[in-house]
Amino acid sequence: MSTKPGDGALLYRMFDDAAMFPPGNASAETAVREHLRHRQSWYRDLVGPLLVPFARWQELGEAVARAGSPALDVVVLDPAPAGPPALAGITVVGYEQAATDPLGLPLDAPTAVELVDPQQYTAELTGVAAARLSGAEVIAKYRTGGVVPGAFPPEATVAGVIAAAVRLDVPLKFTAGLHGAVRHTDVDAGLERHGYLNLMAATRVALQGGDEEDIAAVIAMRDRDEVAARVRAWSDDEVAQVRREFRSFGCCGVEDPIADAVALHLVAPVPA
């Protein structure tokens, strides 16, 4: 599949670079160096912006200055109300913040509002939908994992979020735990990991009017070839519809999910 925008590209800017977050917790210097390397690679069109905690903004600025102040697009998490101070070379292209007051967002760039209460996600999504109707450039963000088993929501819960988001016309980005394309057991970590292709396929089911049981069944699928075949069969229009709803996800190591996409023949490396 193409990786160019405008072609209905399946994975265009799908993988936001969360190297500075757990479990990687990279230093700003390492994160900047590796992000610049990603930007020079064959898969550069698949990688989104560098995600940066506001609490480490000064560290980021020092690392970018040592690197010669290269142009760098970043998304800032949990910013101060006034936003971060300007730094040479750095362009803030978005923010991410918890769903405490969606109508007060965004600041001066598109904002992803993280759903924080698993019992109230419909209400939180409704708030985001209202903000969108008022003209705000805001989407929702949903956490699909973490570093402990309890951080991974069950299929039915994820299905409910996707169904509600589609019903309310609220685009989603996901974060945490999506290290592989397809749902699987991470034996080393003792975790049941959701797959990003499963979530894309589940989004397609929701867009087609499927109920939460149908959506959950797709989220639970473990046959890699079957899930990939579903996605490869989509037309450009279907890909565009899914990507309008499923914007991206954050991962601390973007090369792992990209390698999985290559293994499943969803994208092919381009010779240098």
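Keep in mind the model is a prediction, meaning the values are calculated, not measured. Quick note: numbers below take in every heavy atom, side chains included, and nothing from hydrogens, waters or symmetry partners.
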Nearest heavy atoms of [X] and [Y], plus distance in Å:
X	Y	value
I215	A202	CG2-CB, 3.7 Å
A201	V218	CB-CG1, 3.5 Å
H35	L72	CD2-CD1, 3.5 Å
T122	A164	OG1-CB, 4.3 Å

Co-membership, hydrophobic cluster, residues [X] and [Y], 4.5 Å side-chain:
X	Y	result
V254	V262	yes
I139	M200	no
L264	W42	yes

Requested in this report: Give every residue pair that meets the side-chain hydrogen bond (donor to acceptor under 3.5 Å, both in side chains) criterion with at least one member in residues 70-89, sequence neighbours excluded.
Outcome: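 Not a single pair qualifies under side-chain hydrogen bond (donor to acceptor under 3.5 Å, both in side chains).
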
In short, side-chain hydrogen bond (donor to acceptor under 3.5 Å, both in side chains) pairs touching residues 46-59 with sequence neighbours left out are R56-E59, Q58-E62

Can you check whether [X] reaches [Y] side chain to side chain, under 4.5 Å on heavy atoms?
X	Y	value
E245	V166	yes
L172	L199	no
V75	D16	no
L77	F21	yes
R167	L125	no
R39	L50	no
P79	Q97	yes
T144	F249	no

Residue pairs passing the salt bridge (Lys or Arg N to Asp or Glu O under 4.0 Å) test with at least one member in residues 206-222, sequence neighbours excluded, are E192-R222

Residue pairs meeting salt bridge (Lys or Arg N to Asp or Glu O under 4.0 Å), one or both in residues 80-100, sequence neighbours left out, come to E96-K141, E96-K173

Identify every side-chain donor-acceptor pair in residues 22-32 under 3.5 Å, counting partners at least two apart or on other chains, and give the distances.
residue	atom	partner	partner atom	Å
S27	OG	T30	N	3.1
S27	OG	T30	OG1	3.0

Salt bridge or not for D169 and R244, using N-O below 4.0 Å?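 A salt bridge is present here (some side-chain N lies under 4.0 Å from a carboxylate O).
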
### Query
Got a sec, which pairs hit ring-ring contact (aromatic ring centres under 6.0 Å, His included) with one end in residues 140-181, sequence neighbours left out?
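Passing the test, one end in residues 140-181: F174-F246.
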
Sidechain-backbone polar pair: [X] side chain, [Y] backbone, donor-acceptor under 3.5 Å:
X	Y	value
R183	M221	no
E124	V116	yes
H265	R232	no
R230	V227	no

(request) Test L87 against V64 for side chain to side chain contact (heavy atoms under 4.5 Å, CB included), laying out the working first. (result) CA-CA 9 Å; L87 293 173; V64 171; over 6 Å; no

